[in-house]
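Below is one structure, written out as structure tokens, with a few remarks after it.
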Amino acid sequence: MHDFDFQAPRSLKRALSLLARAGGQGRALAGGTDLIVQMKAGVQSPPLLVDVKGIPELGVLEFHGGEGLRIGAAVPLAKVAHFAPVRERFNLLGQACSAIGSLQVRNRGTVGGNLCNAAPSADTIPALICLSARAIIAGPKGRREEAVEDFFRGAGETVLAPDELLVEIVVPEPPARSAGNYQKFTTREKMDIAIVGVAAFIALAPRSPRCQQARIALAAVAPTPLRARQAEAALEGTTLEESAIEEAAQRAARAAQPISDVRASADYRRHLVQVLTGRAIRASLQELGRQP
């Protein structure tokens, strides 16, 4: 690696000041499970690393009933996955966090880093999109919010300016009678990035078997995580019978924009989207005590 300056500020104000002074060349360091690998490979050579783990605002992990979940950008994946409110109310997110790498990686890597790295195959992002999560961003002009769905501009690119930091992710409390599931296909059971990832979220109408809301998001099939809106429309208003699930799965496959690479062909990825979408919807229904 090239030489670099390392700073570990204890306040958000100091971290933002360091990034501003770096003139767009500084990089925030949380878990480092992506950034350090990229630096060793020469993909990135920032002259400044700003370690944000000691900033209190970025270490928050809280749940408040009626409001939702707050996840600081530097909170490790494993801590999120094992947080009791996540297991009880945000199981979809817990599944996605648990799908990443090894235990060692999950103890080091962060949800915030998974977002900011902006890999098309990132596992937490489809789950956060399905859960209507928002990113809280701080910069020299103050704070602003972006829906996680709108956080990405391309592979490895986000809406963050060079002098801005992701502070936390806010996830609203899911409605009653709702459930979600994350499905990931890899050639090995552990450690691999997703060849295809699919998150599904289903909310039933009050006192009715009909689907009031459906969310389906895809990973590794486009330059950015992709929401399959036409697939969602195939489910909403239905009683989630098998024919509706199959139609949603086919529409999700048509929404995918995959490429062929050394890991899989585009056609194979489309097939996987269809299969995994059906599985994710059916698993969500099973969690709700329903069979299609």
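Scope of the values below: all heavy atoms of this structure, side chains included, with no hydrogens, waters or symmetry mates. All residue numbers refer to positions in the sequence shown, counting from 1.
V75 and L165 are members of different hydrophobic clusters when ILVMFWY side chains are connected at heavy-atom separations under 4.5 Å. Note on I36 and L77: separate hydrophobic clusters, where clusters join Ile, Leu, Val, Met, Phe, Trp and Tyr whose side-chain heavy atoms are under 4.5 Å apart, directly or indirectly. Follow the hydrophobic side-chain contacts under 4.5 Å out from I245 and you never reach V275; the two are in separate clusters. I169 and L12 end up in different hydrophobic clusters when Ile, Leu, Val, Met, Phe, Trp and Tyr side chains are linked at under 4.5 Å. At a threshold of 4.5 Å between side-chain heavy atoms, the hydrophobic network of Ile, Leu, Val, Met, Phe, Trp and Tyr places L92 and V111 in one connected group.
Looking only at distances, a side-chain donor or acceptor of R263 sits under 3.5 Å from a matching main-chain atom of A194. The main-chain N or O of P174 is never found under 3.5 Å from a side-chain atom of S178 such that the two would form a donor-acceptor pair. Distance alone, capped at 3.5 Å, places no donor-acceptor pair between the R215 side chain and the A200 backbone. Remark: side-chain polar atoms of K184 are paired, donor with acceptor, to backbone N or O of A99 under 3.5 angstrom. Side-chain N or O atoms of R106 include one that pairs as donor or acceptor with a backbone N or O of G101 at under 3.5 Å. Looking at T238, its side chain never comes within 3.5 Å of a backbone N or O of A244 through a donor-acceptor pair.
For NZ of K53, the number of neighbouring non-hydrogen atoms (other residues, nucleotides, ligands) closer than 6.0 Å is greater than 12.
Between the CG atom in N107 and the OG atom in S102 there is a gap of 8.5 Å [rounded to 0.5 Å]. Summarising the geometry, atom SG belonging to C97 is positioned 13.0 Å from atom NZ belonging to K79; distances are rounded to the nearest 0.5 Å. For the atom pair Y182 OH and R279 CZ, the distance stands at 13.5 Å (nearest 0.5 Å). In this structure, L49 CG and L35 CG are separated by 5.5 Å, a value rounded to the nearest 0.5 Å. Rounded to the nearest 0.5 angstrom, L218 CG and I125 CD1 are separated by 12.5 Å. Rounded to the nearest 0.5 angstrom, R177 CZ and C211 SG are separated by 11.0 Å.
The shortest distance between side-chain heavy atoms of E232 and Q230 does not fall below 4.5 Å. Residues D150 and V159 fail the side-chain proximity criterion, which asks for heavy atoms closer than 4.5 Å. Looking at S45 and M39, their side chains never come closer than 4.5 Å, going by heavy atoms from C-beta outward. Contact check for L128 versus L115: side-chain heavy atoms found under the 4.5 Å cut-off. When side chains are defined from C-beta on, I100 counts as touching T124, because their heavy atoms get closer than 4.5 Å. Looking only at side-chain heavy atoms (C-beta outward), I281 and L235 come within less than 4.5 Å of each other. Using a 4.5 Å heavy-atom cutoff, the side chains of E62 and L69 are not in contact. For the pair P225 and I129, the minimum side-chain heavy-atom distance is below 4.5 Å.
Shortest non-hydrogen contact noted between A255 and A228 is CB-CB, 4.3 Å. Here the closest non-hydrogen pair linking G278 and A249 is N-CB, 4.1 Å. Smallest separation of non-hydrogen atoms from E164 and L19: O-CD1, 4.1 Å. Taking all atoms of both residues into account, the shortest heavy-atom contact from L204 to P209 is CD2-O, 3.9 Å. What you find for A264 and I195 is that their closest heavy atoms are CB-CG2, 3.6 Å. The two residues A214 and I202 make their nearest non-hydrogen contact at CB-CD1, 4.1 Å.
When the side chain to side chain donor-acceptor pair (under 3.5 Å) test is applied to D267, the partners found at least two apart in sequence or on another chain are R270. In terms of the side chain to side chain donor-acceptor pair (under 3.5 Å) criterion, Q274 has no residue partners (sequence neighbours excluded). The side chain to side chain donor-acceptor pair (under 3.5 Å) test applied to N181 returns Q95, Q183, not counting sequence neighbours. With sequence neighbours left out, the ring pair (Phe, Tyr, Trp, His ring centres under 6.0 Å) criterion links F63 to F90.
With salt bridges taken as basic N to acidic carboxylate O contacts below 4.0 Å, none links D163 and K141. Using a 4.0 Å cut-off between charged side-chain N and carboxylate O, E246 and R282 make a salt bridge.
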Could you go through the side chain to side chain contact (heavy atoms under 4.5 Å, CB included) check for Q7 and D5 one step at a time? CA-CA 7 Å; Q7 297 287 335; D5 185 22; 3.3 Å; yes
Derivation and outcome, side chain to side chain contact (heavy atoms under 4.5 Å, CB included), residues I55 and R10: CA-CA 5 Å; I55 301 173; R10 295 291 172 175; over 6 Å; no
Walk me through whether F4 and L48 qualify under side chain to side chain contact (heavy atoms under 4.5 Å, CB included). CA-CA 5 Å; F4 59 88; L48 170 67; over 6 Å; no
Decide yes or no on salt bridge (charged side-chain N to carboxylate O under 4.0 Å, His left out) for E173 and R70, but give the supporting numbers first. CA-CA 10 Å; E173 187 172 10; R70 295 176 58 206; over 6 Å; no
Residue pair V80, T110: steps toward the side chain to side chain contact (heavy atoms under 4.5 Å, CB included) verdict: CA-CA 9 Å; V80 174; T110 66; over 6 Å; no
Mind listing the side-chain donor-acceptor pairs of residues 27-34 below 3.5 Å, one per line with the distance, residues two or more places apart or on another chain?
from, atom 1, to, atom 2, distance (Å)
R27, NE, Q44, OE1, 3.0
R27, NH1, G24, O, 3.4
D34, OD2, N117, ND2, 3.4

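R251 and T277 are not linked by any side-chain donor-acceptor pair at a separation below 3.5 angstrom, with hydrogens and angles left out of the test.
Under the salt bridge (Lys or Arg N to Asp or Glu O under 4.0 Å) rule, R134 has a single partner from E146, E149, E145, E168, which is E145.
Residue pairs meeting the ring pair (Phe, Tyr, Trp, His ring centres under 6.0 Å) criterion with at least one partner in residues 130-179, sequence neighbours excluded, do not occur; the list is empty.
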